[in-house]
> 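Take a look at this one; I'll ask things after.
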2 protein chains.
Amino acid sequence: MNSASVTEKKLLHALMQFKRLGWHEQFIRGYKPSEIRVLVCIKRGMDLGYPDIKVSEISKRMQVTSPTVTQLVKSLEAHGLVERNNDLVDRRSVGVRLTEKGEEVARQALETFLATMSGLIEYLGEEQSEQFIELLLNVSRYFREREADMLYFQGIGDDEA
Amino acid sequence: MNSASVTEKKLLHALMQFKRLGWHEQFIRGYKPSEIRVLVCIKRGMDLGYPDIKVSEISKRMQVTSPTVTQLVKSLEAHGLVERNNDLVDRRSVGVRLTEKGEEVARQALETFLATMSGLIEYLGEEQSEQFIELLLNVSRYFREREADMLYFQGIGDDEA
DNA sequence: TAAATTAAGTTGACAACCTAATTATATCCG
DNA sequence: CGGATATAATTAGGTTGTCAACTTAATTTA
């Protein structure tokens, strides 16, 4: 085999290494990572001037299904980090917003994340960081495009017993 | 806020995008991704001249606990992709090896992966691919180093090989 | 207004892990 | 030798994150 094959294997290896990082997101004040992600998602909307966010909107932004969001929001509500309020215009909708406590947790989480990013940027250097960002987005694009193709293969069921 | 903060946010975003790629590893002939990974892991050993591999060895290489491996192997065995055989020297050990069918599935999976890698390399270009590999490994290193710090907070005692 | 669509929630499942405890050996050392 | 200790694998049970299938309620559209 030629050098291309070597690069392929190195790439596969590097990707596996990377993918298997739990990338540090466990824990944070006793809340589950997915909860934190919802919190931060809501906070981002809030910072842009939309304190209330719909479940469907969270779902879209986080790229998970709405049942998933419903569950997470329920749990966050139980912890007193968010509150729901019915939308008066469209009564199917539910507005989710952070409580003060939720905002605090979100703020802290975001800070922690950004500090980690900041550390990484320092570690890599500014230039390499920019490059890394671009490459990550490129690669994401590649996989996303290809994924559509792969679903066709899914139905090829040659199963046994 | 200076420009660093912008880079941090972009980086966070890019990482999230990337992380949330199921990176195409679902399914494959009806077998679970984790099963496939075990298969490929065993095959790699086989190609290096070690057809039998111990559970603990798989565990180490895949960086998952041995109960996890046991389960996966059990499932693979049920599908007729691997077989166990008792080690005669150390009777606590179990040697796992691919059946012919297992080898075929592993071969195909590896081929598919490498083709995907090959496509990606083409997509990025050789030079950028190399850069990407290096950056991934660097970043993995960064997170791993930092994770060690974070584990103190959690109490998740885990050692490396 | 009936039909279609959309928003959210409920239920039940599953993948991919983990920890703790258990069983069977193996090894080491007084 | 024989007990203490270490190691390999397994069993049992739990957690997280996610989804598909379905329901209910409300809204839009033909």
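Small disclaimer: the values here were computed from a predicted structure and weren't measured. Chain naming here is simple, since letters A, B, ... match the order of the sequence lines and numbering starts at 1 in each.
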> By nearest atom, which of the nucleotides D:dA6, C:dA20, D:dT27 is closest to the A:Arg91 side chain?
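Ranking D:dA6, C:dA20, D:dT27 by closest atom to the A:Arg91 side chain puts D:dT27 first.
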
> Counting heavy atoms from C-beta on, name the nucleotide in D:dT10, C:dC17, C:dA8 closest to the side chain of B:Val64.
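Within the option list, the nearest is C:dC17.
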
> Taking only side-chain N and O atoms of A:Ser66, does any of them lie within less than 4.0 angstrom of OP1 or OP2 on C:dA7?
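For C:dA7, OP1/OP2 do not have a side-chain N/O of A:Ser66 under 4.0 Å.
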
> Specify the separation, in whole Å, of atom CG of B:Asn85 and atom P of D:dA8.
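Distance check: B:Asn85 CG to D:dA8 P gives 17 Å.
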
> Given C:dA16, C:dG9, C:dT25, which nucleotide is nearest the side-chain atoms of A:Thr70?
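So the side chain of A:Thr70 is nearest to C:dG9.
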
> Just compare C:dT10, C:dA20, D:dT16 and give me whichever is closest to any side-chain atom of A:Lys74.
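Per side-chain heavy atoms of A:Lys74, the pick is C:dT10.
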
> So, the side chain of B:Gln128 versus the backbone of B:Gly125: is there a donor-acceptor pair under 3.5 Å, distance only?
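Side chain of B:Gln128 to backbone of B:Gly125, a donor-acceptor pair under 3.5 Å: no, none is there.
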
> Heavy atoms only, 4.0 Å cut-off, all strands: where does B:Ser93 land among base, sugar-phosphate and nothing?
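The residue B:Ser93 makes sugar-phosphate contact but no base contact.
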
> Which nucleotide wins on minimum distance to the side chain of A:Arg37, given the candidates C:dA16, C:dG9, D:dT18?
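Nearest listed nucleotide: D:dT18.
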
> Looking for any heavy atom pair under 4.0 Å, which part of the strands does B:Asp87 touch: base, sugar-phosphate only, or nothing?
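Answer is nothing: B:Asp87 stays at 4.0 Å or more from every strand.
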
> Start at the 5' end of DNA chain D and walk down; is the nucleotide closest to A:Glu35 or to A:Leu88 reached first?
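The residue closer to the strand's 5' end, by nearest nucleotide, is A:Glu35.
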
> Which heavy-atom pair separates A:Leu120 from B:Tyr142 by the least distance, and what is that distance?
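Closest heavy-atom pair between A:Leu120 and B:Tyr142: N-OH, 3.1 Å.
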
> Give a yes or no answer on whether the side chain of B:Ser140 reaches the backbone of B:Leu136 with a donor-acceptor pair at less than 3.5 Å.
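Yes.
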
> Between A:Ser118 and A:Leu114, is there a donor-acceptor pair closer than 3.5 Å when you use the side chain of the first and the backbone of the second?
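Such a contact is absent between A:Ser118 side chain and A:Leu114 backbone.
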
> Any donor-acceptor pair under 3.5 Å joining the side chain of B:Gln71 to the base of C:dC18?
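Checked by distance alone, the answer is yes.
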
> Just the rounded figure in Å: distance from C1' of D:dT15 to OH of A:Tyr31.
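Distance check: A:Tyr31 OH to D:dT15 C1' gives 18 Å.
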
> Of the candidate nucleotides D:dA8, D:dA9, D:dG17, which contains the atom at the shortest distance from the side chain of B:Ser56?
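Per side-chain heavy atoms of B:Ser56, the pick is D:dA9.
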
> Nearest of C:dA8, D:dT10, D:dC19 to any side-chain atom of A:Thr65?
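So the side chain of A:Thr65 is nearest to D:dC19.
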
> What is the distance, to the nearest angstrom, from the CG atom on B:Asp52 to the P atom on D:dA8?
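Spelled out: CG on B:Asp52 to P on D:dA8 is 16 Å.
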
> From the options A:Val73, A:Leu81, A:Ile53, select the one residue that forms a side chain to side chain contact (heavy atoms under 4.5 Å, CB included) with A:Ile42.
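Testing A:Ile42 for a side chain to side chain contact (heavy atoms under 4.5 Å, CB included) against A:Val73, A:Leu81, A:Ile53 leaves exactly one candidate, A:Ile53.
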
> Donor-acceptor pair, B:Lys32 side chain versus B:Leu72 backbone, under 3.5 Å?
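No, the answer is negative, given that no donor and acceptor are paired below the 3.5 Å cut-off.
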
> CG of B:Asn86 versus C1' of D:dA9: gap in Å, rounded?
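Computing the B:Asn86:CG to D:dA9:C1' distance gives 11 Å.
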
> May I ask you to say what A:Val89 touches in the nucleic acid, namely base, sugar-phosphate or nothing, with a heavy-atom cut-off under 4.0 Å?
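Contact class for A:Val89: sugar-phosphate only.
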
> Could you check how far NZ of A:Lys54 sits from P of C:dA8, rounded to whole Å?
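It works out to 6 Å between those atoms.
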
> Among the nucleotides C:dA7, D:dT10, D:dA20, which one has an atom lying closest to any side-chain atom of A:Arg92?
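So the nucleotide nearest the side chain must be C:dA7.
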
> Nearest-Å distance, NZ (B:Lys32) to C1' (D:dG17)?
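Distance check: B:Lys32 NZ to D:dG17 C1' gives 16 Å.
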
> Report the residue (A:Val55 or B:Leu72) whose heavy-atom-nearest nucleotide on DNA chain C is the more 5′ of the two.
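So the residue in question is A:Val55.
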
> Nearest-Å distance, CD1 (A:Ile58) to P (D:dG17)?
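Nearest whole value for this atom pair: 16 Å.
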
> Please state how far atom CD in A:Glu77 lies from atom C1' in C:dA8, giving the value in whole angstrom units.
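So the two atoms are 13 Å apart, to the nearest Å.
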
> For A:Asp90 and A:Pro67, take the nucleotide of DNA chain D holding the closest heavy atom to each; which residue's nucleotide lies nearer the 5' end?
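The 5'-side residue here is A:Pro67.
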
> So what does B:Thr68 hit on the nucleic acid, given a heavy-atom distance under 4.0 Å: a base, only sugar-phosphate, or nothing?
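Base, at least one base heavy atom under 4.0 Å.
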
